[in-house]
Student: 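Let me begin by handing over the structure; questions about it come next.
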Amino acid sequence: MVDFHSVVFLFFALISCLAAVAVVLTGDVVRMAVYLIVSLSGAAALFFMAGAEFVGAMQLMVYVGGTLVLLIFGVMLTARQSLIRVRPHTNEWVLAMVIGLVLLMTSLMPVALAVADWQRPAEPEAIGHIGTPDEMGMALLGAPTHEGSDAGPALGYVLPFELISVFLLIVLIGAAYLARPKRRAQPAVEVRE
Amino acid sequence: MNLLAEPVGLNHYLFVSTVLLTCGLICMAGKRNALGVLMGVELILTAANINLVAFSNPALRADSQLALHLDGHIAAIFIMVIAAGEAAVALAIGLNFYNNHATIDVDRADDLKG
Amino acid sequence: MDTLLANLLTLAVLVPLAAAVVLALLGGKLPGHGRISAWVAIGSVATAFVITLVAAFVYQQASTESVVGTYYTLIELGERSLRLTYAVDTLTILLFGLVTFIATAVMVYSTEYLHEELAPGGVLDPDVRVPGHVPFIRPGRYNQFFATLSFFVASMLLLLIAGDLLTMFVGWELVGITSYLLISFYRERPLAGAAATQAVIVNRIGDTGFLIAMMALWSGVGTLSLFSDASGSTSLLSWAASSEASTTLLTVASIGLVLAAIGKSAQVPLYIWLPNAMAGPTPVSALLHSATMVAAGVYLLARTLPLIPAEILLGIAYLGAITHIWGGCLALAGTDFKRVLAFSTISQLGLMFIGIGLGSRDAALFHLVTHACFKSLLFLAAGAVIHGCSTGDLRRLGGLATKMPWTAGTMLVGVVGLIGLGIPGLQFGLSGYYSKEAILAQAAAFAEANPIHGLLYYLPLFGAGLTALYAFRLWYLVFWIRPRDEGTYAHAHPAPPRMRAVLVVLAAAAILAAMPIPGLELSVWQSIHATAGGEPRSAEWLVGLSLPTADAHHDAEHSMVAELSALVATVVGILLITAVYIWRQLDPSELAQRFETPVRFLRREGRVEAFYNTVFVAPTLGLASGLRWLDRHAIDPVIHSLAHMWIVLARWQDVFDRRVVDSAVQGLSDRLWSWGVGLHLWQTGRLRQYVLMMTAATTAIFLIATFVWNLTRSP
């Protein structure tokens with residue numbers, strides 16, 4: 001029984017997956033970047049569909065709009081004609097494919113598809129959203145996210161929040177230091193295919 | 001392909017995330033361009049995010065009492081933040097490498113060859 | 001009184017010993033280049049002589065016949081005991097006096113004779129062969145001579161004072177050792193060491209007999225003491241006199257003792273060492289090998305006479321007779337001055353053995369004393385001749401009476417004494433006359449008692465004639481007939497005054513020894529006769545053998561017969577030899593040709609030494625070299641092959657160690673190295689590869705975890 005929900009899901013899932021495959025298969029680094037943007041955007045749509053609006057919005061803003069833009073800048077800065085289409089040797093490529101497909105086929109798929117409890121029940125409920133931004137913010141600042149139980153007391157996420165802040169500070173300083181202007185080296189050897 | 005017949009559940013999301021993960025892995029392992037490798041990293045992290053979000057919704061799964069609810073979302077946020085930071089630093093390293101060696105080919109970066 | 005006597009004589013033993021020790025230790029450091037060491041020795045021996053005279057006086061006053069005592073007890077096991085004892089009686093004192101007197105004379109003589117040992121530059125010895133014909137010069141050994149001679153005197157006195165067989169054996173061996181040292185005095189000469197060794201070895205054969213006799217007697221009787229002490233304990237003599245003495249034990253013991261006497265007193269067959277002992281200095285020959293040491297055998301038999309069965313005594317008599325004749329024959333054919341005198345000594349010792357064998361210990365001892373006097377005189381005269389002419393070869397000497405009158409005169413006295421010339425019936429003669437007459441009288445009595453052994457009378461008689469022959473031959477050849485070698489005659493010089501004085505003193509002793517000391521009613525003969533223990537045993541299993549008593553020769557009948565026949569024999573001998581050499585009636589070379597075979601036989605001394613060499617020495621050496629061959633070719637190869645085997649084993653082990661162990665260890669380390677090298681190939685430094693590795697590892701872990709989880713998961 002195909003319903004609207006499923007069709008939309010299928011659409012976005014196809015976009016995401018095909019774009020990801022395209023990232024793999026293409027050799028041009030600029031095109032790789034574009035396909036990546038498409039794939040991530042599809043992922044964001046999937047987030048929305050799973051009821052995680054805040055996470056989806058974050059995905060679009062931070063990932064797509066920030067991180068990938070950064071990547072594109074990097075591509076721009078290091079793109080020389082000779083380097084754009086550099087491809088690895090064929091046997092390495094095959095090896096990478098094999099390992100990847102082995103991982104896909106043998107391990108994750110069976111687990112992903114075989115667990116009965118992870119199927120949606122026959123009389124599904126509606127997929128509502130899980131967390132509002134308020135709840136998210138409160139949790140980040142320390143409000144407990146769930147009831148305390150025998151497993152452990154109810155905790156917030158204030159410590160990881162602080163750590164993330166520090167982490168971002170370090171990243172800023174580090175990146176700024178690493179990328180400071182230095183003497184540029186002349187290209188020594190032309191990269192052959 | 002019973003996936004197409006059933007209503008969308010957790011395993012559909014997991015299917016997508018697996019594909020993304022695999023593609024990300026192959027990208028990391030198979031690209032000579034350092035920025036290509038970075039893109040692979042991004043794909044993997046996104047796959048993780050999809051996993052977390054899918055697991056946190058109680059309506060998508062039969063054992064809904066095991067859903068992560070808010071914890072999954074917060075975890076996804078954290079991953080995104082870290083991914084951003086990591087991408088920035090990696091890019092800085094890559095630019096440094098490019099400035100020193102005039103190439104972005106990861107196969108050239110074998111100074112640690114033992 | 002008794003202890004005084006014992007102490008005096010013990011002191012007489014110790015004084016020369018002390019002199020010997022002092023000279024041995026300090027001799028090299030005495031001033032005057034050792035000249036004083038001679039006078040130390042002379043002083044010690046003269047002191048011993050004086051002490052003996054004092055002891056004689058004390059003994060005269062004392063009432064006891066003999067003094068017996070113990071120096072030291074070695075073992076005492078119930079009834080048995082081993083003690084070092086002393087026994088003093090007339091004989092002891094007499095022989096003490098004799099030994100010390102002659103020793104003093106000889107030592108004074110040797111201060112001149114060995115004068116060259118004092119030369120500051122060393123002594124030139126022409127008889128030593130050095131490779132390269134370089135004249136051989138050695139440092140002088142004056143001091144050593146006198147030290148050893150003093151030690152000899154002390155040992156001889158110990159032998160004489162011994163009251164038991166063990167102490168006597170100690171003295172016996174000590175004189176043997178000193179004899180060895182003195183014979184080998186000129187030790188660089190080739191003959192000296194060999195002669196000394198021969199003397200020791202031949203004496204050893206006799207000493208075995210002594211040891212066997214001692215062992216048999218000690219185990220059978222329980223004591224080795226000859227005399228009973230004041231408490232009347234068992235002694236050998238008292239045991240022999242008792243009825244419980246078993247003939248077997250007596251025979252065994254006496255055979256042993258007789259063997260010892262044969263070795264020491266140079267009887268046939270153990271006499272060969274005495275002529276060769278002339279390789280030592282002449283004073284040594286005079287003191288040891290004529291007067292004192294060789295007489296020790298006779299002394300032993302004289303002391304142990306009561307232990308010897310009569311049958312053995314008969315054997316002794318025959319042996320003595322054979323020796324007497326054989327020695328005389330060899331002396332007759334001799335060409336070396338000292339060797340002739342040595343054979344003469346052997347012959348006279350044979351005569352003493354005849355005396356013992358015929359049962360008259362007193363006669364034998366009397367002859368011992370007189371023989372000591374004139375034989376030492378003869379040897380010292382020979383020394384004077386050798387000293388003056390630097391040769392002792394009779395074929396080169398001659399006519400020395402004009403050049404060395406004193407020597408000639410004293411030697412004539414000695415010769416006459418040796419022969420025993422005297423006028424019978426008048427009791428006038430030299431000392432040798434009396435002693436020989438005593439033995440011959442005993443022989444006459446014996447022959448009368450046992451006509452079957454009449455030979456024992458005629459042989460000494462014939463020996464007397466022989467003695468006259470060779471003695472006068474000797475004197476004529478050296479002093480009377482014209483010189484054979486002009487060179488020797490030209491260089492001859494008379495003896496130095498000191499030597500002459502000693503010769504005169506000894507000549508006087510030779511004349512007077514048999515005379516009684518005026519006013520004291522004491523004479524040598526009486527002293528000997530007064531000593532106890534002179535009765536021989538009577539025959540047990542040899543029926544018909546009857547020994548005359550010890551007094552038999554005093555029988556007028558026997559003594560007259562003996563005197564007359566002795567006189568006849570000696571005169572015949574003198575006339576015969578004079579006819580040869582003086583009156584030129586018989587030419588000696590013609591005689592030598594006529595009797596060529598016997599003369600040649602005698603000139604070679606019967607080839608006895610060669611015979612002994614072939615029969616005894618060569619087989620022993622052959623056995624020794626055979627054993628050496630065995631050791632070298634049979635035992636050594638075993639040991640070598642054992643060692644070889646070990647070496648081979650060690651080599652195998654080395655190979656094993658190298659191939660197996662080392663290769664295992666090496667292989668292990670190589671394996672690890674190659675693994676390490678192999679592993680490092682993975683460190684390519686390439687990013688993508690690392691990613692792949694990580695992925696692969698993670699996948700693997702995940703797979704394993706899945707399956708393990710699947711397995712452990714409850715269905």
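Per chain, numbering begins at 1; letters A, B, ... match sequence-line order.
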Student: Only pairs of heavy atoms separated by less than 4.5 Å count here; which of A:A33, A:G42, A:A50, A:A175 has the most with chain B?
Tutor: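 That would be A:A50.
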Student: Can you say whether A:A19 sits under 4.5 Å from chain B via the side chain, the backbone, both, or neither, judging by heavy atoms?
Tutor: neither
Student: Kindly compute the distance separating CG (B:N33) from CE (A:M32), expressed to the nearest 0.5 Å.
Tutor: 6.0 Å
Student: Which atoms of B:A76 are under 4.5 Å from chain A, going by heavy atoms: the side chain, the backbone, both sets, or neither?
Tutor: side chain
Student: Could you look at B:I50 and say if it's the side chain, the backbone, both or neither that has a heavy atom under 4.5 Å from chain A?
Tutor: both
Student: With side-chain contact (heavy atoms from CB on, under 4.5 Å) as the criterion, how do B:M39 and A:V29 come out once you've worked through the C-alpha distance, each side chain's angles and the decisive distance to 0.1 Å?
Tutor: CA-CA 10 Å; B:M39 293 175 197; A:V29 67; 4.1 Å; yes
Student: Suppose we call two aromatic rings close when their centres sit under 6.0 Å apart. Are A:F9 and B:Y13 close by that rule?
Tutor: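 Judged by ring-centre distance (under 6.0 Å), A:F9 and B:Y13 do meet the cut-off.
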Student: Starting from the C-alpha separation in whole Å, work towards a yes-or-no answer on side-chain contact (heavy atoms from CB on, under 4.5 Å) for B:H12 and A:L10.
Tutor: CA-CA 9 Å; B:H12 297 83; A:L10 190 65; over 6 Å; no
Student: Could you tell me which of B:L25, B:I77, B:L52 has the largest number of non-hydrogen atom pairs under 4.5 Å with chain A?
Tutor: B:I77
Student: Mind listing the closest non-hydrogen atom pair of B:L43 and A:A20 along with its distance?
Tutor: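 Looks like CD2-CB, 4.2 Å.
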Student: About how many Å separate CG of B:L91 and CG of A:L77, when rounded to the nearest 0.5 Å?
Tutor: 8.0 Å
Student: Is any side-chain heavy atom of A:V23 less than 4.5 Å from a side-chain heavy atom of B:C27?
Tutor: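 Touching, per the 4.5 Å side-chain cut-off.
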Student: Can you tell me which of A:L14, A:L70, A:T67 forms the most heavy-atom pairs within a distance under 4.5 Å of chain B?
Tutor: A:L70
Student: Which atoms of A:V62 come close to chain B, meaning under 4.5 Å heavy atom to heavy atom: side chain ones, backbone ones, both, or neither?
Tutor: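 Just the side chain, heavy atoms under 4.5 Å.
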Student: CG/B:N96 to OH/A:Y177 distance, rounded to the nearest 0.5 angstrom?
Tutor: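 Reported to 0.5 Å precision, the distance equals 8.5 Å.
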Student: Minimum heavy-atom separation for B:L20 and A:S39, please, with both atom names.
Tutor: CD1-OG, 4.2 Å
Student: For the residue pair B:V53 and A:A52, what are the closest heavy atoms and their distance?
Tutor: CG1-CB, 3.5 Å
Student: With rounding to the nearest 0.5 angstrom, report the OG1 to CZ distance, B:T46 to A:F47.
Tutor: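 It is 7.0 Å, given to the nearest 0.5 Å.
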Student: If you measure from CG on B:N49 to CE on A:M58, what distance do you get to the nearest 0.5 Å?
Tutor: 10.5 Å
Student: Please report the closest heavy-atom contact between B:A88 and A:V171, naming both atoms and the distance.
Tutor: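 Heavy-atom minimum between the residues: CB-CG1, 4.0 Å.
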Student: Would you mind reporting whether A:V55 and B:M80 have side-chain heavy atoms less than 4.5 Å apart?
Tutor: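 When only atoms from C-beta onward are counted, A:V55 and B:M80 do touch, with a gap below 4.5 Å.
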Student: Taking C-beta and beyond as the side chain, do B:V16 and A:F12 meet within less than 4.5 Å on heavy atoms?
Tutor: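 Heavy-atom side-chain distance check fails, nothing below 4.5 Å.
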Student: Which bit of A:S16 comes within less than 4.5 Å of chain B, counting heavy atoms only: side chain, backbone, both or neither?
Tutor: both
Student: Between A:L168 and chain B, with a heavy-atom cut-off of 4.5 Å, which part of the residue counts as in contact: side chain, backbone, both or neither?
Tutor: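 The side chain, not the backbone.
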Student: Roughly how far apart are B:I93 CD1 and A:L178 CG, rounded to 0.5 Å?
Tutor: 6.0 Å
Student: With side chains defined as the heavy atoms from C-beta onward, is the minimum distance between A:F54 and B:H73 less than 4.5 Å?
Tutor: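 SC-SC contact between A:F54 and B:H73 ruled out.
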Student: Side chain from CB out, backbone as N, CA, C, O: work out which of these in A:F167 comes under 4.5 Å of a heavy atom of chain B, or both, or neither.
Tutor: side chain
Student: Go through B:A84, B:G85, B:A87, B:A29 and name the one with the most non-hydrogen pairs under 4.5 angstrom from chain A.
Tutor: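 Of the candidates given, the most pairs with chain A belong to B:G85.
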Student: Would you say the side chain of B:F78 lies within less than 4.5 Å of the side chain of A:L140, judging by non-hydrogen atoms?
Tutor: yes
Student: What option among B:L70, B:L45, B:L21, B:D71 has the most heavy-atom pairs under 4.5 Å with chain A?
Tutor: B:D71
Student: Using non-hydrogen atoms only, which part of A:L71 is less than 4.5 Å away from chain B: side chain, backbone, both, or neither?
Tutor: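 The answer is both parts of A:L71.
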